[in-house]
Structures are given as C-alpha cells and as structure tokens.
Amino acid sequence: MTTAGPAAPGRTVRQWLEARGALGKDTVAAARGGELLDLLTRLPDGEGLEPVSASDPRALEVLRHTTAHVMADAVQRLFPGTKVTIGPSIADGFYYDFDRPDGAFVEEDLPRIEEEMRRIVAADLPLERVEVSRAEAEALFEKLGEPYKLEILRDLPPDVTITLYRHGEWVDLCRGPHVPSTGRIRAFKLTSTAGAYWRGDERNKMLSRIYGTAFFDEKALREHLARIEEAKKRDHRKLGRELDLFSVSEQIGGGLVLWHPKGAFVRRQIEDYWRAQHLAHGYDLLFSPHIGRAELWQRSGHLGFYKDNMYAPMEIEGNPYILKPMNCPFHIEIYRSRVRSYRELPLRWAELGSVYRFERSGQLHGLLRVRGFTQDDAHLFLRRDQLGAEILRLIDFSTAILRAFGFSDYKMVLATRPKESSGDPALWAEAERFLRQGLEETGCGFEVEEGGGAFYGPKIDIHVQDALGRSWQCSTIQADFIQPENFDLTYAAADGTLPRPVMLHRTLLGSMERFFGVLVEHLAGAFPVWLAPVQAAILTVSEKQAAYGREAGAICRARGLRVAVDDGPDKLGAKIREWRNQRVPYLAVIGDREAAERTVTPRSRTEGDLGAMPLATFVDRLAAEAAPPPLELRYP
RNA sequence: GCCCACGUAGCUCAGUCGGUAGAGCACCUCCUUGGUAAGGAGGAGGUCACCGGUUCGAUCCCGGUCGUGGGCUCCA
C-alpha cells in the first residue's frame, strides 16, 4: 500500500474500549446499535460501544470474513494471475469468488491452499484498516491489475468511506470488519468448490468459487463437520431409497417422482389429514383438469409473466392447450360458472392440484425441486370487508398445520408492495396491515422484504429449513387484486351493485413432494405412529411362535393398525436391526413365554424395551398413538 | 442452461499403467430354531451410462450425448 490516507479523526474502537477498561483478551470486535465494527475503526466518540468476544456468535461472522481474506491471499500466492472478486461471510462459513486464467479450482487444489493459509495464520499478521480516497484506491487496484475490484469501486455510492484492509503484503478493497490478526483463526477448513456467475448474473463470466468455514477453536469446527455428516445421513434422497419411499427414474425423466407403496401411504395420510382439516374449517374441495386452452392462460396473464416456467402448448383439434403450471384459473372459472351473491362469501376452495413447471435440469433436486408436483392449493374469494379476518385465520391455520407435523421453527417473510404494482393502494395497505398483524400474533418473528411482493398483491412466505441448512419455501399466502380484474369477477352486493371480490391464494405445505422431502429430513425418516407406513413389527424369537405371531398381527389389523409380522428364520437380533433400520415405531417380540401367556414384549423406537404386557394393552397403546394430532387454532 | 466433479451388480464401493471384472450388504436355496442392532454355507446377478473415434484389442485413452451430485439466477 502506498498511502496511509488522511488521518481520520478520533480514536480507534480498540482505544475507546481500552480507555473504558472494556477490552478483554478475547475481544475480537465491537458492536454498536446492531452494527459490527472492528477494533481498527476510528470513531469520533466511544458512545454505546460494546466489546464482542470470540464466544459471541456475531464474532464468527467477522472471523470468517478475515479467513476469506487469508484464503484469497493464499490463492494469489499459489496461483499468480488469479483475480479476486468478492468474498463474504455466509451462514455457515465464507466463500471467495476468483477469476482464474487456467480454469476453475477443483477439490484437489484445496489441501494446498489450506496449507498456505496455515502459514499465513501461523505468521499472526495484524490486520490494518486504511481509509483512502477514491482516486488512491483506483490507482492501487489499477496497479495490482484487479479489474473486478475496480468495477466494484466504480459502483460504490459517492459518499461512502472507502476502506482497504491489509495483512502482510496482501490488500483488499473491503468494508470490514475483521479480527485484529490472522492468528485468531484457530480452526478452518475449505469445504467445496463451485461455479458462480460474477454478480450472480448468468450473462456474466463464470467465476470459480471456493467455500470454507472457520471457528475460534478446533472443537467447534469438529462439531460443525459432524453436523454436516449427520445432515447427509438425513438426506431425503438417501432415506427415500433406504426406506423404499420414492424414486426418480431416468427412464421417466428428471424431476418426475415415483411414489412407492410406503411413500405413497405416508403421502395419503398427510392428504387425508389435510382434507379432514379443510372440511372441518370452512373449506370446500375441488378437482380440476391438468390442461386448459391457451386463451385461459393468456387471460390470466401467465403466458406473459410465467411463460419461462411453462411447457410448450399441445394442439388439440387445432386449438393450443397448455399443461397447467397453476390451479388458479380453473378455480376462477368455477367461481364464474354462475352469479355469486355476497351471502356466499367468503368462498374457500381447496384442491390438491398437480401442476407442471419447467425447471432447468441443473435445478432439479430430489423431491425438493421437481417438474411435476401436487400443490395443496386454495383460493379464497372475499368481500373486501372480510379480508382482514380471513388473513388472520389463514396464517393461524397454516402455522397450526405445520405444527401438527412437528415444524415449530420456520422463517416467515412478509413481502410488500413492489415499485411496479397494480391495484388500489388503499387495498394494498390494508392487506399488508393484516398480513403483518397475523405474523405478529404468531409470535415467531418475521422479516420484511420491502418491495418483494408480486405485482398483483403482497404475500407471506413461510420457509422451513432442511437438514443441510437450506431453506425451502413451503407455505405462501398471497393477496391478489389483479385476477379478479382479468377475469372480471363480481358478486351481487346487498345494494344491488356488482363489486369485485378480493382473492387470496395460498398453499400450506407448498407441494406434497417438497413437504414430504422436508418432513423426511426433519424426522430423519422416523415417522410418528399416525404417519408411519408400518406402525409395529411383530417379531418371533423363532419360527415356533409363527402361529401366535400371525394371530397377534391379525388382532392388530382388526383394530386398523398397520403391522408387519416377521416370523422368518432370522435370529431376533437380526430382525430387530432390520426393522429398526426401517424406523418402525414399535417392535413387539414374541417368544415361547409370550405365546404361552398371550402377551408381547414391545420395544419402542424412542424408549427401548417396555417389558412384557398383555397383547390387548399393547394394541390399546398403539391405537391411542395412531390418532392424528389435534389442530391447535386461535381462530377456530 | 452455465462451472466443476462423478457414472462399474438393486445399494455402498474396489479394480483394470489398454488384454471384456471383484468385495460387502440386499436377493434366492440349504443348514441352524436362536430372547433384544448382522448365525453359517452355497447360488444367481454386470453391454463397466449411451454413441462415436484412436488401437490388433477400449470398462480404462480421446470426443460427443444423457444422467447424477455440489454451486450460480428464479421458484412450491
């Protein structure tokens, strides 16, 4: 670096903290009003500064950012000519994107880079922060031959303070914050490589990304890597095969799911519960066809804004028909099939509707991203004065259903009016207000994505996290002020006028495919008794008890329970192992003693051996657990 | 679609510096009738993803296609 820059006024964060005696040995950064600052930043005053120690979760963000710098330094030492771009901290680690002239980095490069990084860490180089003028920064990156940094620099707003961070010889244009020195990085690992477009835009050059993670100690790193291993064991694609739940066949095509008997059974249980709850809470159920005339999609606007996700039309007697990517136009046509009265509203119409959407091959992923799927869709047609109450009920209903399946942690996002939008602004404001209120009442906390709504209305998305930490959108609740216009929907009001109804679109589970995939990972394949395809396996100690075993099985089945009887020649240990691996909730052992006394010795998946009990007692217990969970609603 | 990696038995994977293949599990048969996470023996099972090229000869080397995985943008 050539210039130290103009001396900024005030003292550094370190000095402010030191003066107050608040600087600990493990202080790696500071925070003020939700903003993270490093110890090098100069401030006119030390007001409200709190030290951030290595044990603070926020410190990891800082550490990982510094580790990204160390990695970029190592990469440029080992691979001269490689250009740096950006390298932020992310949820579980960090990445840095490079433009390497001799091609992308591969996994085999990682150990070498790690080794070089260890040298930089061992040297314990202090991080330096320098504020510079725009001209100085440009001159520097011009000299270093870093075109991407120059591009970032040019796009920075004019009033921003430009800072450089340096450790040893290596310098980067960076906002910070960073830990005080590279020696703070006690444990790190480079995890994978990937391609990534410059600025995430596929029209731009494909860069080479290296992912890594870092911690303040080895133990935390080991635990993190163990969590990733555990997540791999829960991968729904692996469990789907092992538990014989579903498959995707090359012969049939990517993203098209085959539901095997056990997976189909669980799906049907979910659907039956879903139907029962809808019928119990004011919904009517619909069916609609899989294809519809192109004009329908023209009118709905899908051919305009959703074309890229739709399959090409097929011709039927000279008319183009389209495989449906959404159910709404069909439900709207049902609404239009006759005159509607204000007395009928709200209409709540739900359908498990199968839709087909084009996804690019690289996007397909097990059950979580597919080309054909069944949405648990619903459309609500309301009078405007019903909007608020209905939104509150909908959020309540959605979260209650998710809780019934064991999901209590989800991320909720309220997406508000975008710049380009249609519809009455007062209606937008009203819908947003009720969406917000509904979210507040759940007490779960939510994010607001300003301007993130669709052009036709605001929405709430509920995301569930999978075992690998990826977030998947399941529920969505969307207000729609446009389709009623497009299709000229009306109802007869009390005063004889014909106002437009308001529409709400929503899915609770998202799609049966995605929800099932997320559920499998969430439960690690261990379905609760009410969902499990096999609720209990009756295991005979030897083939001598086969007759009693089969009789016990028949008694269970007569109570509506799903049981398997294993009276084969395997030893008991082998049977237990096999059925446990199938995640069967109860195993009931039958030997000579049980056969003589008409008992079983059950073993619960969670509690282990329960001791001998009369067969009837076991059946009662199982039957009680087989009941679907009650729905806990605030607005029943 | 793009970048990188991968594609060998139903599954998990060895292997062949170019001479058409192997293990464990699963499956089938037999022996064993065994009390809480794998009893024993035998058998069957492969166009080494597909199509071309190089070669006397390709599962292996080269090119293409398809598929899968990790990412990148959008989305249930």
Side-chain angles (χ1 to χ4, degrees), chain A residues 95 97 100 103-109 191-211 232 235 237-238 241-242 244 247-251 253-254 306 308-309 325-327 353-355 357-377 454 461-464 468 470 472-476 478 505-518 539-546 567-581 587-594 601-603 608-610 612:
Chain A
Y95 68 80
D97 285 346
R100 183 184 170 201
F105 291 104
V106 293
E107 303 276 327
E108 289 78 65
D109 296 325
T191 49
S192 62
T193 60
Y197 300 105
W198 167 234
R199 298 194 153 173
D201 188 329
E202 64 186 40
R203 288 167 302 194
N204 290 338
K205 187 163 186 184
M206 179 62 77
L207 304 171
S208 181
R209 175 173 296 181
I210 301 177
Y211 282 99
K232 280 186 189 160
D235 190 311
R237 293 165 299 182
K238 181 178 151 73
R241 193 170 46 239
E242 287 173 3
D244 199 12
S247 62
V248 177
S249 160
E250 222 177 282
Q251 291 303 307
Y306 209 71
D308 290 350
N309 287 90
M326 293 185 180
N327 302 302
S354 299
V355 297
R357 299 182 186 175
F358 172 70
E359 296 287 350
R360 300 197 284 184
S361 55
Q363 300 288 10
L364 300 175
H365 180 90
L367 294 179
L368 301 183
R369 177 62 58 80
V370 294
R371 286 181 173 157
F373 56 97
T374 300
Q375 287 186 307
D376 65 317
D377 213 353
D461 289 334
I462 304 179
H463 300 256
V464 174
L468 292 164
R470 286 171 302 212
W472 296 95
Q473 186 185 327
C474 288
S475 310
T476 182
Q478 307 186 346
H505 305 244
R506 62 104 255 223
T507 62
L508 304 186
L509 310 176
S511 74
M512 299 314 296
E513 284 74 8
R514 175 174 295 176
F515 185 74
F516 186 75
V518 172
L539 314 181
T540 61
V541 172
S542 82
E543 287 171 296
K544 286 189 296 190
Q545 301 88 28
D567 55 5
D570 285 337
K571 293 180 76 168
L572 185 60
K575 291 182 185 181
I576 286 172
R577 182 184 146 82
E578 185 190 331
W579 291 98
R580 268 199 66 91
N581 285 343
L587 306 182
V589 173
I590 284 178
D592 284 334
R593 283 199 299 278
E594 288 83 356
T601 303
R603 188 187 210 274
D609 195 337
L610 300 177

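Everything quoted here is computed from the prediction, not taken from an experiment. Each chain gets a letter, A, B and so on, in the order its sequence line appears, and its residues count up from 1.
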Under 4.0 Å: is that the gap between some side-chain N or O of [X] and OP1 or OP2 of [N]?
| X | N | result |
| --- | --- | --- |
| A/H365 | B/rG70 | yes |
| A/R237 | B/rG69 | yes |
| A/Q375 | B/rA76 | no |
| A/R580 | B/rA38 | no |

Pairwise [atom1] distance for [N] and [M], with rounding to whole Å:
| N | M | atom1 | answer |
| --- | --- | --- | --- |
| B/rG45 | B/rU29 | P | 16 Å |
| B/rG1 | B/rG57 | C1' | 39 Å |
| B/rG39 | B/rA44 | P | 24 Å |
| B/rU59 | B/rG46 | C1' | 11 Å |
| B/rA49 | B/rC11 | P | 13 Å |
| B/rA23 | B/rU8 | C1' | 13 Å |
| B/rC72 | B/rU54 | C1' | 37 Å |
| B/rA37 | B/rU20 | P | 46 Å |

For residues [X] and [Y], determine if any side-chain heavy atom of one lies less than 4.5 Å from a side-chain heavy atom of the other.
| X | Y | value |
| --- | --- | --- |
| A/I210 | A/Y95 | no |
| A/V464 | A/C474 | yes |
| A/R357 | A/F373 | yes |
| A/E242 | A/N581 | no |
| A/E107 | A/S192 | yes |

Identify whether any heavy atom of [X] sits under 4.0 Å from a base atom; if not, whether one sits that close to sugar-phosphate; answer base, sugar-phosphate or nothing.
| X | result |
| --- | --- |
| A/N581 | base |
| A/D592 | base |
| A/G254 | sugar-phosphate |
| A/V370 | base |
| A/R603 | base |
| A/T374 | nothing |
| A/E594 | base |
| A/Q473 | sugar-phosphate |

Would you list the protein and nucleotides 1-7 of chain B atom pairs, both N or O, that sit under 3.5 Å from each other?
residue	atom	partner	partner atom	Å
B/rG1	OP2	A/S361	OG	2.2
B/rG1	N2	A/Y197	OH	2.4
B/rC2	O2	A/Y197	OH	3.2
B/rC3	O2	A/G195	N	3.1

What is the distance, to the nearest angstrom, from the [atom1] atom on [X] to the [atom2] atom on [N]?
| X | N | atom1 | atom2 | result |
| --- | --- | --- | --- | --- |
| A/D609 | B/rA37 | CG | P | 10 Å |
| A/R241 | B/rU68 | CZ | P | 13 Å |
| A/D97 | B/rU73 | CG | C1' | 14 Å |
| A/L364 | B/rC72 | CG | C1' | 15 Å |
| A/W198 | B/rU73 | CH2 | P | 13 Å |
| A/R577 | B/rC25 | CZ | P | 10 Å |
| A/L367 | B/rG69 | CG | P | 11 Å |
| A/L587 | B/rG35 | CG | C1' | 14 Å |

Which heavy atom in [X] sits nearest to a heavy atom in [Y], and how many Å separate them?
| X | Y | result |
| --- | --- | --- |
| A/S354 | A/T374 | OG-OG1, 2.8 Å |
| A/R371 | A/E359 | NH2-O, 2.7 Å |
| A/R100 | A/D109 | NH1-OD2, 3.7 Å |
| A/R506 | A/D376 | NH2-O, 3.2 Å |
| A/D592 | A/K544 | OD2-NZ, 3.9 Å |
| A/R514 | A/Q473 | NH1-O, 2.8 Å |

*asked:* Expected output is a numbered-order residue list: members of residues 567-576 of chain A with a heavy atom under 4.0 Å from any atom of RNA chain B. What is it?
replied: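 Correct list: A/P569, A/K571, A/L572, A/G573, A/A574, A/I576.
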
*Report yes or no: does A/S208 contribute a side-chain atom to a donor-acceptor pair with the main-chain N or O of A/F105 at less than 3.5 Å?*
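Present.
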
*So, the side chain of A/T540 versus the backbone of A/A546: is there a donor-acceptor pair under 3.5 Å, distance only?*
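Here the side-chain-to-backbone pair does not exist.
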
*Pick the nucleotide of RNA chain B nearest each of A/D461 and A/T540; which residue has the one closer to the 5' end?*
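Per heavy-atom nearest nucleotide, the more 5' residue is A/T540.
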
_Contact nearer the 5' end of RNA chain B, comparing A/D201 with A/R593_ =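 Between the two, 5'-proximity favours A/R593.
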
*Dot-bracket notation for RNA chain B, counting Watson-Crick and G-U pairs under 3.5 Å, with | for partners on another strand*: (((((((..((((.....[..)))).(((((.......))))).....(((((..]....))))))))))))....

*asked:* Would you say the base of B/rG71 stacks on A/Y211 (centre-to-centre below 5.5 Å, plane angle below 30°)?
replied: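 Stacking is absent between B/rG71 and A/Y211, given that the ring centres and planes do not meet under 5.5 Å and under 30°.
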
*asked:* To the nearest 0.5 Å, what is the distance between NZ on A/K575 and CD on A/E578?
replied: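 The distance works out to 9.5 Å.
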
_Quick check: any donor-acceptor pair below 3.5 Å linking the side-chain of A/E578 to the base of B/rA26?_
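Checked by distance alone, the answer is no.
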
*Picking from B/rA76, B/rG35, B/rG34, which would you name as closest to the side chain of A/E543?*
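Of all the options, the side chain of A/E543 is nearest to B/rG34.
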
*Is the shortest distance from a Lys or Arg side-chain nitrogen in A/D201 or A/R199 to a carboxylate oxygen in the other one below 4.0 Å?*
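Not counted as a salt bridge, because no side-chain N and carboxylate O are separated by less than 4.0 Å.
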
